[in-house]
**Student:** 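First, the structure itself, so that you have it in front of you.
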Protein chains: 2
Amino acid sequence: MQTTTATTEPTPAPVDVCSAPPRRHPRPDGRDSYTISEVVAFTGLTAHTLRWYERIGLMSHIDRSHTGQRRYSNRDLDWLDLVGKLRLTGMPVADMVRYAELVREGETTYRERHALLEATRRDVLSRIAELQDTLAVLDRKISFYGDAL
Amino acid sequence: MQTTTATTEPTPAPVDVCSAPPRRHPRPDGRDSYTISEVVAFTGLTAHTLRWYERIGLMSHIDRSHTGQRRYSNRDLDWLDLVGKLRLTGMPVADMVRYAELVREGETTYRERHALLEATRRDVLSRIAELQDTLAVLDRKISFYGDAL
DNA sequence: TATGGCCTTGGAGTGCACTCCAGGCAACCC
DNA sequence: GGGTTGCCTGGAGTGCACTCCAAGGCCATA
């Protein structure tokens with residue numbers, strides 16, 4: 001089950017540890033190396049975007065095949081899942097890059113990561129509250145139009 | 001008490017009827033005419049943005065003083081409140097302009113307005129669900145970092 | 001050997017939602 | 001009259017997050 005990429009395992013390469021993130025799209029088991037187009041299929045992002053994420057430092061360096069093509073690991077996909085979630089919160093990409101840098105710097109940044117996620121959590125809560133507020137307005141208007149019809 | 005703008009009252013000018021929207025920022029009572037900078041203070045939008053909204057048709061024509069300066073009514077402020085709410089949902093400005101057009105066209109567009117708001121409502125619900133999903137992920141990570149500290 | 005498919009790169013382009021600028025008018029205070 | 005403030009306009013500029021382009025490498029199949 002636990003296929004490990006020999007290329008990355010020796011150097012534990014600081015990654016986003018934490019409990020295993022739930023994977024949304026079924027990923028084939030027993031593999032740990034995907035082409036960019038497979039990742040496109042899993043994530044819904046474009047290949048352009050994936051390469052751009054790498055360029056701006058939102059993803060740490062991705063493995064390459066002997067011909068120089070990108071080979072994404074399950075860890076990379078987990079990270080993309082998290083990025084997708086953070087994107088939904090409206091977090092700017094620059095902030096996500098900051099978080100990625102903290103992850104790359106290793107365990108010494110736990111405190112700062114904790115603070116960053118706490119702040120994000122507060123943002124998310126207030127966005128949910130705003131949306132629920134908006135929902136109330138929509139419901140009032142919808143029932144107005146519903147009654148008028 | 002009821003200061004009415006003589007210019008708009010004769011022609012009831014189709015506006016967003018429905019029940020009275022709750023006003024967020026305290027507006028002085030007994031007035032129905034505000035300068036652009038007052039509206040800036042009430043809404044948090046910039047004067048540029050307010051003029052731009054008008055240019056693109058997101059606001060119907062705003063009253064003018066004898067010198068040509070904009071004079072916003074309470075109805076305009078109510079509309080801006082709604083626009084603010086819709087903006088929070090992530091609705092594109094173009095869609096809001098569409099809704100504004102429907103409002104300007106009068107009662108015959110009730111059905112379409114109803115449908116548009118229903119669709120928006122569904123969007124909002126799914127966004128809330130996404131955010132709650134994200135919140136769960138954040139909580140897991142936050143408690144991981146919290147435990148590790 | 002050639003054709004097609006998948007991938008690579010740096011850099012330029014796009015769409016959205018503002019945001020600002022230059023130049024000018026009107027009103028008010030000293 | 002001069003200075004300041006507030007507002008006006010059309011049009012250009014900005015920042016973000018992609019999105020696309022052109023030119024080319026590698027490799028499998030016909």
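All chains are named by letter (A, B, ...) in the order of the sequence lines, taking the proteins before the strands, and each is independently numbered beginning at 1.
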**Student:** Between atom CH2 in B:Trp52 and atom C1' in C:dA17, what is the gap in whole Å?
**Tutor:**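 Going from B:Trp52 (CH2) to C:dA17 (C1'), I get 5 Å.
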
**Student:** Does B:Met96 or B:Thr67 map to a spot on DNA chain C nearer the 5' end, using the closest nucleotide for each?
**Tutor:**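 Comparing both residues, the 5'-ward one is B:Met96.
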
**Student:** Quick one: B:Leu88 CG to C:dA17 C1', roughly how many Å, whole number?
**Tutor:**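 Rounded to whole Å, this separation is 15 Å.
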
**Student:** Pick base, sugar-phosphate or nothing for B:Arg51, based on heavy-atom distances below 4.0 Å to the nucleic acid.
**Tutor:**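 Here B:Arg51 touches the bases of the nucleic acid.
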
**Student:** Picking from C:dT19, D:dC18, D:dC8, which would you name as closest to the side chain of A:Thr49?
**Tutor:**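 The nucleotide sitting nearest to the side chain is D:dC18.
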
**Student:** So A:Ser65, base contact, sugar-phosphate only, or nothing? Heavy-atom distance under 4.0 Å.
**Tutor:**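 A:Ser65: no heavy atom of the nucleic acid under 4.0 Å.
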
**Student:** Can you check whether A:Arg70 has a side-chain N or O nearer than 4.0 Å to OP1 or OP2 of C:dT8?
**Tutor:**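 A:Arg70 to C:dT8 OP1/OP2: side-chain N or O found under 4.0 Å.
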
**Student:** Whether A:Tyr53 contacts D:dA17 is assessed here as follows: a side-chain N or O lying under 4.0 Å from the phosphate OP1 or OP2. Is that the case?
**Tutor:**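 No, A:Tyr53 has no side-chain N/O under 4.0 Å of OP1/OP2 on D:dA17.
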
**Student:** Consider the side chain of B:His48, meaning its heavy atoms from C-beta on, and name the nucleotide among D:dC27, C:dT19, D:dC8 that approaches it most closely.
**Tutor:**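 Between D:dC27, C:dT19, D:dC8, the one nearest the side chain of B:His48 would be C:dT19.
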
**Student:** Taking 4.0 Å as the cut-off, does a side-chain nitrogen or oxygen of B:Ser37 come that near to OP1 or OP2 on D:dC7?
**Tutor:**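 Checking B:Ser37 against D:dC7: at least one side-chain N or O falls below 4.0 Å of OP1 or OP2.
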
**Student:** Using every non-hydrogen atom in the two residues, find where B:Val40 and B:Leu45 come nearest and quote the distance to one decimal.
**Tutor:**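 It is CG1-O, 3.3 Å.
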
**Student:** To the nearest Å, give me how far apart CD1 (A:Ile36) and C1' (D:dC26) are.
**Tutor:**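 About 16 Å, once rounded to whole Å.
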
**Student:** Separation of A:Ile62 atom CD1 from C:dC7 atom C1', in whole Å?
**Tutor:**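 For the pair A:Ile62 CD1 and C:dC7 C1', the rounded distance is 15 Å.
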
**Student:** Checking A:Lys141 against B:His114 for the side chain to side chain contact (heavy atoms under 4.5 Å, CB included) test, could you report, in this order, the C-alpha distance in whole Å, the side-chain angles of both residues, the deciding distance, and whether it holds?
**Tutor:** CA-CA 8 Å; A:Lys141 287 194 174 288; B:His114 186 265; over 6 Å; no

**Student:** Can you figure out which of C:dA27, C:dC6, D:dA17 approaches the side chain of A:Gln69 most closely?
**Tutor:**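 For A:Gln69, the side-chain atoms sit closest to C:dC6.
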
**Student:** Respond yes when some side-chain nitrogen or oxygen of B:Thr46 is under 4.0 Å from OP1 or OP2 of C:dC18, and no when none is.
**Tutor:**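 Checking B:Thr46 against C:dC18: no side-chain N or O falls below 4.0 Å of OP1 or OP2.
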
**Student:** At under 4.0 Å between heavy atoms, what does B:Arg71 touch on the DNA or RNA strands: base, sugar-phosphate, or nothing?
**Tutor:**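 Since no nucleic acid heavy atom lies under 4.0 Å of B:Arg71, the category is nothing.
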
**Student:** If we count only N and O atoms by modelled type, under 3.5 Å, do the side chains of B:Asp32 and B:Tyr72 hold a donor and an acceptor together?
**Tutor:**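 Not at all, the side chains of B:Asp32 and B:Tyr72 share no donor-acceptor pair under 3.5 Å.
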
**Student:** Whole-Å distance between D:dT19 P and A:Leu45 CG?
**Tutor:**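 So the CG-P distance, A:Leu45 to D:dT19, works out to 9 Å.
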
**Student:** Of the nucleotides C:dT8, C:dC18, C:dC7, which one has an atom closest to the side chain of A:Thr35?
**Tutor:**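 Nearest nucleotide to the side chain: C:dC7.
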
**Student:** Counting heavy atoms from C-beta on, name the nucleotide in C:dC7, C:dT19, C:dA12 closest to the side chain of A:Arg55.
**Tutor:**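 The closest nucleotide is C:dA12.
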
**Student:** Looking at A:Glu54 and A:Arg64, is any side-chain nitrogen of the basic one under 4.0 Å from a carboxylate oxygen of the acidic one?
**Tutor:**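 A salt bridge is present here (some side-chain N lies under 4.0 Å from a carboxylate O).
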
**Student:** Among C:dA17, D:dT9, D:dT19, which nucleotide has an atom closest to any side-chain atom of B:Val93?
**Tutor:**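 Looking only at heavy atoms from C-beta outward on B:Val93, the closest nucleotide is C:dA17.
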
**Student:** Hey, is the side chain of A:His66 poking within less than 4.0 Å of OP1 or OP2 on D:dC27, counting only N and O atoms?
**Tutor:**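 Yes, A:His66 has a side-chain N/O under 4.0 Å of OP1/OP2 on D:dC27.
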
**Student:** Once you round it to whole Å, what is the distance between P of D:dT19 and CD of A:Glu54?
**Tutor:**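 In whole Å, D:dT19 P lies 18 Å from A:Glu54 CD.
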
**Student:** Does B:Arg87 put a side-chain nitrogen or oxygen below 4.0 Å from OP1 or OP2 of C:dC18?
**Tutor:**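 Yes.
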
**Student:** Could you tell me whether A:Arg87 and B:Glu130 have a side-chain N and a carboxylate O separated by less than 4.0 Å?
**Tutor:**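 Between B:Glu130 and A:Arg87 there is no salt bridge, as every charged N stays at least 4.0 Å from the carboxylate O atoms.
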
**Student:** Would you say B:Asp76 and B:Ser73 are linked by a side-chain donor-acceptor pair, where the criterion is simply a distance under 3.5 Å?
**Tutor:**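 Yes, because at least one side-chain N or O of B:Ser73 sits under 3.5 Å from a partner of the opposite role on B:Asp76.
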
**Student:** Rounded off to whole Å, could you give me the CG-to-P distance for the B:Asp63 and D:dC7 pair?
**Tutor:**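 Going from CG in B:Asp63 over to P in D:dC7 covers 16 Å.
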
**Student:** Round to a whole Å and report the spacing from CG of A:Asp95 to P of D:dG15.
**Tutor:**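 Value for this atom pair: 17 Å.
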
